[in-house]
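Pasting in a structure now, in structure tokens, and then I'll have a few things to ask.
Keep in mind it's a predicted model, so treat the numbers as computed, not measured. Residue numbers start at 1 and run along the sequence shown.
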Amino acid sequence: QVQLVESGGGLVQAGGSLRLSCAASGRTFSSVAMGWFRQAPGKERQFVVAINWSGGRIYYADSVKGRFTISRDNAKNTVWLRMNSLKSEDTAVYYCAAATLPWFFEYSDSSQYHYWGQGTQVTVSS
């Protein structure tokens, strides 16, 4: 069992930065892949980035590549999402998710993640 709590969201101007945190509880955190997804009002949940258990494999959605950076510290049971050069289209509720495997090829498929946080709102004003 893994419980996830996101924090760090807020209101920021376009071009600004935010860092989201996802604190996990549970002994299996260090052995599972993690992901960030986001959902804007009226839209489907969208893949943002995934990281494998060790941090050695990372895949970003094209829309955030070069602007967002994911990292994890298994000793601290935490995953971070650094978001730079934010755009109005990045406005959404951001969710942290945990899988039950160290890695898998369907990393952009939200149905492959078993545990979810409550979400944190990110609003980018233009």
query: Is a side-chain N or O of Glu106 found less than 3.5 angstrom from the main chain of Gln112, in a donor-acceptor match?
result: no
Note, Leu4 side chain near Met34 side chain (heavy atom, < 4.5 Å): yes
query: If only atom types and distance count, is the side chain of Asn77 paired as donor or acceptor with the main-chain N or O of Ser25 below 3.5 Å?
result: no
- request: Give the intermediate values and the outcome of side chain to side chain contact (heavy atoms under 4.5 Å, CB included) for residues Phe29 and Asn74.
  value: CA-CA 7 Å; Phe29 172 82; Asn74 288 340; 3.3 Å; yes
query: If you link I, L, V, M, F, W and Y whenever their side-chain heavy atoms are under 4.5 Å apart, who else ends up in the same group as Trp103?
result: Phe37, Phe47, Tyr59, Val93, Tyr95, Leu101, Phe104, Tyr107, Tyr113, Trp116
- prompt: Given Ser17, which of Met83, Arg82, Arg67 fulfils the side chain to side chain contact (heavy atoms under 4.5 Å, CB included) condition?
  reply: Arg82
query: Distance-only, no hydrogens or angles: does the Asn52 side chain make a donor-acceptor pair with backbone N or O of Ala33 under 3.5 Å?
result: no
- prompt: Where do Val2 and Tyr115 come nearest, in terms of heavy atoms and distance?
  reply: O-CD2, 3.4 Å
query: Got Leu81 and Thr69 here, is their nearest side-chain heavy-atom distance under 4.5 Å?
result: no
- prompt: Between Thr78 and Lys76, is there a donor-acceptor pair closer than 3.5 Å when you use the side chain of the first and the backbone of the second?
  reply: yes
- request: Check the side chains of Thr123 and Gln121 for a donor-acceptor pair under 3.5 angstrom, ignoring hydrogens and angles.
  value: yes
message: Do Trp53 and Trp36 land in one hydrophobic cluster if side-chain heavy atoms of ILVMFWY residues count as linked below 4.5 Å?
response: no
task: Verify salt bridge (Lys or Arg N to Asp or Glu O under 4.0 Å) between Asp62 and Lys65, making sure each step is shown before the conclusion.
output: CA-CA 5 Å; Asp62 288 343; Lys65 200 173 295 182; 3.1 Å; yes
- prompt: Would a distance-only check, ignoring hydrogens and angles, find a side-chain to backbone donor-acceptor pair under 3.5 Å from Gln39 to Glu44?
  reply: no
message: Using modelled atom types and a 3.5 Å cut-off, is there a donor and acceptor pairing between side-chain atoms of Asp90 and backbone atoms of Lys87?
response: yes
- request: Compare every heavy atom of Gly55 with every heavy atom of Arg72, then report the nearest pair and how far apart it is.
  value: CD-N, 4.1 Å
- prompt: Does Tyr60 reach the main-chain N or O of Ile70 with its side chain, forming a donor-acceptor pair under 3.5 Å?
  reply: yes
message: I want to check something: taking the side chain as every heavy atom from C-beta on, are Cys22 and Val5 in contact at a cut-off of under 4.5 Å?
response: no
field: Least distance between heavy atoms, Ser21 atom then Trp80 atom
entry: OG-CD1, 3.2 Å
message: Same cluster or not: Ile58 versus Val79, using hydrophobic residues (I, L, V, M, F, W, Y) connected whenever any side-chain heavy atoms lie under 4.5 Å apart?
response: yes
query: Hey, does the side chain of Glu6 reach the backbone of Gln118 with a donor-acceptor pair shorter than 3.5 angstrom?
result: yes
Arg45 side, atom CZ; Ser111 side, atom OG - distance, nearest 0.5 Å: 11.5 Å
- prompt: Within the side chain of Thr91, is there an N or O that forms a donor-acceptor pair under 3.5 Å with the backbone of Val124?
  reply: yes
field: Residues Gln13, Ser88; criterion side chain to side chain contact (heavy atoms under 4.5 Å, CB included); working and verdict
entry: CA-CA 8 Å; Gln13 289 187 334; Ser88 57; over 6 Å; no
